[in-house]
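To start, the structure under review is shown below, and the notes come after it.
Atom set for the values below is all heavy atoms of this structure, side chains included, hydrogens, waters and symmetry mates excluded.
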Amino acid sequence: MATIRTYPWTRHFLGSPTGHVVHLRRGRVAHEGVGQAFWFRPTTSVLSEVPVDDQELPVFFHAVTADHQDVTVQAGVTYRFADPVTVSQRLDFAVDPGSGETRPAGRDQVTGIVGRRAQGRAADALAAMPLADALTTGVPRVRDVLTEALTTDPRLTTTGIVVIGVQVLAVRPEKDVERALPTPALEAVQSESDRATYERRALAVARAR
């Protein structure tokens with residue numbers, strides 16, 4: 001976060017090593033870059049500070065499989081603002097001239113843009129899978145789909161956002177379905193146990209005879 005000190009009629013801006021500041025004075029770029037320090041008048045200046053370090057965005061959403069089962073996808077997207085000047089023009093990363101804090105509106109906009117695109121692509125991929133496939137191979141398949149989609153999305157590239165990586169942590173069904181999934185396995189184990197018990201009893205009877 002930048003540091004702004006207040007003086008009579010003017011203020012001093014001291015940027016951070018991970019923030020790219022764009023200082024507009026009367027609509028024109030007066031200062032621009034990382035780690036900038038300059039004087040400015042709040043009545044004639046507009047400041048934006050875009051982070052240049054890697055950003056992590058957790059993504060949670062629901063999708064429906066081919067057999068009409070609801071699943072929850074837990075993923076994470078790593079991205080970077082490759083063109084801070086374009087980002088400052090397209091998204092709201094304005095700096096409060098009093099506190100030096102960047103408004104959260106810009107990050108909220110990124111969350112909406114990336115989240116909607118990730119959800120749309122993943123939903124299309126899962127809609128073509130039955131639940132069994134979604135639970136067994138859904139994680140790598142959804143990860144590959146999202147990686148290809150987000151790294152080439154024109155809205156992200158024209159905004160100055162570059163997606164570095166996508167991680168899909170889990171594809172999980174509803175709780176009731178998840179609790180019911182172990183039942184067939186338990187039934188198979190119980191059936192095998194009953195069969196073994198019956199065979200032992202039958203062998204014991206045969207030996208007794």
Side-chain angles (χ1 to χ4, degrees), residues 1-2 15-21 34 48-66 68-96 99-179 181:
M1 185 182 72
S16 67
T18 58
H20 186 112
V21 65
V34 177
S48 298
E49 189 177 35
V50 179
V52 295
D53 54 338
D54 294 349
Q55 304 292 306
E56 300 289 340
L57 175 63
V59 182
F60 300 89
F61 52 84
H62 293 274
V64 180
T65 62
H68 308 292
Q69 297 294 321
D70 186 74
V71 293
T72 301
V73 180
Q74 180 182 357
V77 179
T78 304
Y79 67 93
R80 180 186 302 144
F81 296 113
D83 189 348
V85 177
T86 300
V87 172
S88 68
Q89 296 171 349
R90 303 288 296 273
L91 304 176
D92 186 6
F93 279 92
V95 176
D96 188 316
S99 64
E101 295 183 354
T102 304
R103 294 177 185 173
R107 295 183 183 276
D108 294 341
Q109 289 173 307
V110 175
T111 300
I113 296 172
V114 176
R116 285 192 298 270
R117 276 154 179 74
Q119 182 174 1
R121 296 290 185 172
D124 292 341
L126 291 169
M129 304 181 203
L131 179 62
D133 290 348
L135 298 182
T136 54
T137 63
V139 168
R141 291 170 68 179
V142 172
R143 182 185 62 238
D144 293 342
V145 169
L146 291 183
T147 300
E148 181 180 0
L150 295 179
T151 53
T152 60
D153 186 90
R155 171 69 188 283
L156 297 179
T157 55
T158 57
T159 306
I161 301 173
V162 174
V163 173
I164 302 172
V166 177
Q167 306 82 36
V168 178
L169 304 178
V171 177
R172 304 184 62 178
E174 292 182 335
K175 292 183 179 180
D176 293 341
V177 176
E178 190 173 25
R179 284 195 295 266
L181 286 176

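Rounded to the nearest 0.5 Å, atoms CG (Leu150) and CD1 (Ile164) are 12.5 Å apart. Annotation: the span from Gln69 atom CD to Glu174 atom CD amounts to 7.0 Å, rounded to 0.5 Å. Of the inter-residue distances, the one linking His68 atom NE2 with Asp70 atom CG reads 12.5 Å to the nearest 0.5 angstrom. The line from CD1 of Ile113 to CG of Leu156 is 7.0 Å long, rounded to the nearest 0.5 Å. Once rounded to the nearest 0.5 Å, the distance linking CZ of Arg141 with CG of Leu146 reads 13.0 Å. Summarising the geometry, atom OG1 belonging to Thr18 is positioned 5.0 Å from atom CG belonging to Asp53; distances are rounded to the nearest 0.5 Å.
Qualifying salt bridge (charged side-chain N to carboxylate O under 4.0 Å, His left out) partners for Arg103, counting only residues two or more places apart in sequence or in other chains: Asp92. For Asp83, the salt bridge (charged side-chain N to carboxylate O under 4.0 Å, His left out) test picks out no residue, with sequence neighbours left out. Listed by chain and number, the residues in a ring pair (Phe, Tyr, Trp, His ring centres under 6.0 Å) with Phe93 are Phe81 (sequence neighbours excluded).
Across all their heavy atoms, Thr151 and Val163 have their closest contact at CG2-O, 3.6 Å. The minimum heavy-atom distance linking Arg107 with Pro51 is given by the pair NH2-CG, 3.7 Å. Among all heavy-atom pairs drawn from Val162 and Ala82, the shortest one is CG2-CB, 3.4 Å. Contact detail for Ala125 and Val145: the closest heavy-atom pair is CB-CG2, 4.1 Å. Minimum heavy-atom separation, Pro130 to Ala66: N-CB, 3.9 Å. For Pro173 against Leu135, the heavy-atom pair with the smallest separation is CD-CD2, 3.5 Å.
Under 3.5 Å, the side chains of Gln109 and Arg90 contain no donor-acceptor pair of N or O atoms.
Side-chain atoms of Thr78 and Gln167, non-hydrogen and from C-beta on, do get closer than 4.5 Å to each other. Within the 4.5 Å cutoff, the side chain of Glu49 has no heavy atoms near those of the Ser88 side chain. Counting heavy atoms from C-beta outward, His20 and Val34 have side chains that approach closer than 4.5 Å. A 4.5 Å side-chain heavy-atom check between Thr86 and Thr159 finds every atom pair outside the cut-off. Using a 4.5 Å cut-off on side-chain heavy atoms (C-beta onward), Val52 and Arg80 make no contact. In this structure, Leu126 and Val71 have side chains that are in contact, with non-hydrogen atoms separated by less than 4.5 Å. With contacts defined as side-chain heavy-atom distances shorter than 4.5 Å, the pair Ser48/Val95 does not qualify.
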Checklist entry - Under the side chain to side chain contact (heavy atoms under 4.5 Å, CB included) criterion, do Tyr79 and Leu57 qualify, and how do the steps go? => result CA-CA 8 Å; Tyr79 67 93; Leu57 175 63; 3.9 Å; yes
Checklist entry - Given His62 and Gln119, is the side chain to side chain contact (heavy atoms under 4.5 Å, CB included) satisfied, shown in steps? => result CA-CA 8 Å; His62 293 274; Gln119 182 174 1; 5.7 Å; no
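The 12-atom threshold is not exceeded at CD of Glu148, counting heavy atoms of other residues, nucleotides or ligands nearer than 6.0 Å.
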